Amino acid sequence: MQPHSELMPQAAKMNGNKTAAAKAIVWSIAGSDSGGGAGIQADLLTMRAFGVHGCSLITAITAQSSVEVARVELVSEQMLAAQWHTLLADLPPVAIKIGLVASRAQQQQLATLLATLPTTIPVIIDPVLIASCGDTLTLDPGSDALPELPELYRFASLLTPNLPELAALTGLAVTTPDQIITATACLLTQGVRAVLVKGGHASGCKQLALDYLVSATQQAWLASPRIETAHNHGTGCSLASAIASALALGYPLDDAVVLAKAYLNRGLSAAYATGQGAGTLNHLPLPIAVEYFPHWLNTAQVQALYQGATLADLQPSSAAFAPLEQQEMGLYPVVDSVAWLKRLLPLGINTIQLRIKTADQQQLSAEIAAAIALGKQYQAQVFINDHWQLALQLGAYGVHLGQEDLATADLAALRQAGIRLGVSSHGYAELLRAKALQPSYIALGHIFPTKTKQMPSQPQGVVRLAQYVPLAAPYPTVAIGGINAERLAAVAATGVNSIAVVTAITEAADPEHATQLLMALLAKAKQEAQVRQLAQAKEFAQAISEVNAVCPN
Ligand SMILES: Cc1ncc(COP(=O)(O)OP(=O)(O)O)c(N)n1
Ligand SMILES: Cc1ncsc1CCOP(=O)(O)O
Ligand SMILES: [Mg+2]
């Protein structure tokens, strides 16, 4: 199967007389695993699965199988430098993954080389201290101690230790969530920009692998069901390479980590045996099905898990926001005055948002009250953007909040009042965070460039949107950002439940006509999608009955 084409950069360049998509280049600086499961070999397989171009700078050659590391030979300083300079001249990296650095001298050499690169190139460092068979991979003369990586810390956009490595690197105990937080804080003070602690090794939670991601601005736990397999050789290398690849594709760090984790979970679920020892994970191409994505948790929830709670305990249905009464939202105008509601609601719109950014408190209160009354009059689902206190006070149908609002809004009060909640998201991580709140719908954006709002994130495009929609289930989804009549069909084909627009209505020469046209186009696109789904289901049923006819058992 081909790597997922969307994940390649759009820039195309001529290659002979064929047009070829230019792939992002990712360097793997690591050791060769002759057994094929870890090191450079795992890195390149991962990079291929992500649709980036992997280059290798080999630090050491190992004679290694699934049961032993028989010999390790460092490449010479000259050879490492030659790989670096040769690649840099022609195949410069968009992102770098560093694995086995087998001696202090190599650390110093790499530090000198890395210092010459622009600091904008992300560097993911996976500390490789011991091979999965238990043999050491360091060549420091006479050293029985693990090589630390302090020389390289200041270059690390992300360091990815597992629990034993975190303990070895910091000299601290890492048995409880609080201890893990303290140990990572210690690495952050040493210059590492972010740390992802891999919880695959035994932790205080039996059913889940709990990974901890922390940076100066963010802290989150990712919970994945434990995949019982002995075939886990190369998982650390693959995870770090997957993160580097996703960063090279333009994902922000938290999205890259989520996507990489899903990649790893699926690869582990399909892992296979090799030799007498641990087999390897299966490097399957993107996209990745929903069941492999982790859950997004906070520290209090992880502490509860350590004390025996289950994932289901953390998200009881009693903590869910009220569902939409009209699940079929259709076209969702986002407007800045009650005057607009008066123009649009008579056209048959059933979901609409009042998004006022400039108004004094008194005027705001009057507008929100009038919007709520109009919603009741037209039996429409009127959402209030931002102003959750007034929405609560005045008894709104729903509120729409951005991710930055989630920390300060009184979500429990909104939920208890039966007010519906819509939440914005701009990628995998925010989507998982929104989902953890059990909202009434999740907005996905911005899909195309928009002039309505200055966006800190990149446009997501319809291919990523198609991946987010199933991930948001069971919550209804709304696509927003730069959507107009020309783009609507492609957006609707992703299966998104609703389409939110601002300027396609408010800046149209005839807003009523534009609204009716968009409503009709969306209804048609949804009908076509339904017909397509039915045809696919029929084809599938036919194929199954043909198989059953040939082999009834
Ligand atoms: C349907 C819908 N989706 C997203 C947004 C954006 O909301 P938010 O992140 O709160 O940003 P502002 O709209 O406040 O700028 C939205 N309003 N509606
Ligand atoms: C508020 C908001 N949030 C994400 S995109 C957006 C603006 C959408 O406006 P338009 O439909 O004019 O692009
Ligand atoms: Mg807002």
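Whatever order the structure lists them in is the order used to number ligands and atoms, beginning at 1. Along the sequence shown, residues are numbered consecutively beginning with 1. From a predicted model like this one, the values you see are computed outputs, not experimental measurements.
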- Nearest heavy-atom pair of L187 and Y153: which atoms, and what distance? CD2-OH, 3.6 Å

- Note on the structure: Closest to atom 5 (C) of ligand 1 among protein heavy atoms sits H400 NE2, 3.2 Å

- Query: When you measure from atom 10 (O) of ligand 1 to every protein heavy atom, which one gives the shortest distance, and what is it?
  - Reply: G402 N, 3.2 Å

- Can you say whether the rings of Y441 and F383 are parallel (under 30°), tilted (30 to 60°) or perpendicular (over 60°)? perpendicular

- Query: Considering only the protein, which heavy-atom contact is closest to atom 18 (N) of ligand 1, and what is its distance?
  - Reply: Q353 NE2, 2.9 Å

- Check: A443 main-chain N/O paired with S424 side-chain donor or acceptor under 3.5 Å: no

- Message: If you count heavy atoms of other groups shown closer than 6.0 angstrom to CD of E291, is the number above 12?
- Response: yes

- Item | Those atoms of ligand 2 less than 4.0 Å from some heavy atom in R355 | 1 (C)

- Take every heavy atom of K357, measure it against each atom of ligand 1, and state whether any distance is under 4.0 Å. yes

- Item | Atoms of ligand 2 close to H446 [distance to a heavy atom under 4.0 angstrom, numbered from 1] | 5 (S)

- Salt bridge E528-R532, side-chain N to carboxylate O under 4.0 Å: no

- Under 3.5 Å, N or O to N or O, is R355 touching ligand 1 that way? yes

- Query: Backbone or side chain, does any N or O of E404 fall under 3.5 Å from an N or O of ligand 1?
  - Reply: no

- Where does the angle between the aromatic ring planes of Y212 and W221 fall among parallel (under 30°), tilted (30 to 60°) and perpendicular (over 60°)? tilted

- min-distance protein heavy atom vs atom 11 (O) of ligand 1 -> K453 NZ, 2.7 Å

- Item | Nearest non-hydrogen protein atom, atom 8 (P) of ligand 1 | S424 OG, 3.4 Å

- Item | atom 3 (N) of ligand 1 [closest protein heavy-atom partner, distance rounded to 0.1 Å] | A443 CB, 3.2 Å

- Flag H426 as yes when one of its N or O atoms lies below 3.5 Å from any N or O atom of ligand 2, and as no otherwise. no

- Give the atoms of ligand 2, by number and element, whose distance to some non-hydrogen atom of G482 is under 4.0 Å. 10 (P), 11 (O), 13 (O)

- Message: Suppose the cut-off is 2.8 Å; which protein N/O/S atoms would you list for the Mg ion (ligand 3)?
- Response: N385 OD1, D386 OD1

